[in-house]
Amino acid sequence: MTYAQVADRAGLGRAARMVSSALRKAPPKMQLPWQRVINSQGKISFPKDSAEYIRQYELLCSEGVVFIKGRLNLNLYQADAVIDEQLWSGFFER
DNA sequence: GCGATGACATACC
DNA sequence: AGGTATGCCATCG
């Protein structure tokens, strides 16, 4: 999900930034699937050169998420995505 | 109290 | 497509 979607689902309205803020201070004990939250552009919200970026990228890849030029297909992977032939065909084209 | 700062989003150009 | 501008709002110093 995107930060905005999580914020909305959590009843935070448009406070997408609060989601990232929360993830940052969340105790590791919570075992949150933080890597599954990305920005609305379908890109990882960390500087491309940061260690955190690599970390999240690796985690998602290990979960079967495919990145095309540093970006993933939101329509394909969002929590409520409906996987149909239309989406997949579009995915394979690019 | 107040301005600066984000793991953001959207609108324009 | 990619860069800039603006809105956003809890945290921080």
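A note on names: the letters A, B, ... follow the listed sequences, proteins ahead of strands, and every chain is numbered from 1.
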message: Please report the distance separating the P of B:dA7 from the corresponding atom of C:dT6, rounded so that it comes out in whole Å.
response: 22 Å
field: Flag side-chain contact, heavy atom, 4.5 Å: A:Y53 against A:P47
entry: no
- prompt: Mapping A:R71 and A:R14 to their closest nucleotides on DNA chain C, which lands nearer the 5' end?
  reply: A:R71
task: Give me the first and last nucleotide of DNA chain C, going 5' to 3', that has any atom under 4.0 Å from a heavy atom of chain A.
output: C:dG7 to C:dT11
- prompt: Rounded to the nearest 0.5 Å, how far apart are CD of A:Q56 and SG of A:C61?
  reply: 10.5 Å
- prompt: Can you list the residues that meet the side chain to side chain contact (heavy atoms under 4.5 Å, CB included) rule with A:A26, with sequence neighbours excluded?
  reply: A:M30, A:L32
query: Counting distance only, does the side-chain N/O of A:D8 pair as donor-acceptor with the main-chain N or O of A:G11 below 3.5 Å?
result: no
task: Name all pairs fulfilling the side chain to side chain donor-acceptor pair (under 3.5 Å) condition that reach into residues 18-30 of chain A, sequence neighbours left out, sorted by first residue then second.
output: none
- request: State which residues pass side chain to side chain contact (heavy atoms under 4.5 Å, CB included) with A:A22; sequence neighbours excluded, sorted by chain then number.
  value: none
field: Inter-nucleotide C1' distance (C:dG7, B:dG6), Å rounded
entry: 14 Å
field: From CG (A:L72) to CD1 (A:I44), nearest 0.5 Å
entry: 7.5 Å
statement: With a 4.0 Å cut-off (strictly under) to non-hydrogen atoms of chain A, the first and last hit nts on DNA chain B, 5' to 3', are B:dG6 to B:dT10
query: Starting at the 5' end of DNA chain B and moving along, which residue's nearest nucleotide shows up first, A:A4 or A:M18?
result: A:M18
- line: Rounding to 0.5 Å, atoms CG (A:L74) and CG (A:N39) come to a distance of 8.0 Å
query: Going by the salt bridge (Lys or Arg N to Asp or Glu O under 4.0 Å) test, which pairs reach into residues 38-50 of chain A, not counting sequence neighbours?
result: none
task: For A:E52, check side chain to side chain contact (heavy atoms under 4.5 Å, CB included) against everything at least two apart and list the hits.
output: A:W34, A:F46, A:S50, A:R55
- request: Tell me which residues in residues 40-55 of chain A put a heavy atom below 4.0 Å from DNA chain B, sorted by number, or none.
  value: A:S40, A:Q41, A:S45, A:F46
Within-4.5 Å side-chain heavy-atom neighbours: A:R9 and A:M1: yes
message: Under the rule for side chain to side chain contact (heavy atoms under 4.5 Å, CB included), what residues qualify as partners of A:R36, not counting sequence neighbours?
response: A:P33, A:L60, A:E63
- line: Contact check, residues 23-34 of chain A vs DNA chain B, heavy-atom distance under 4.0 Å, returns A:L23, A:R24, A:W34
statement: Applying ring-ring contact (aromatic ring centres under 6.0 Å, His included) to A:Y57 and not counting sequence neighbours gives A:F67
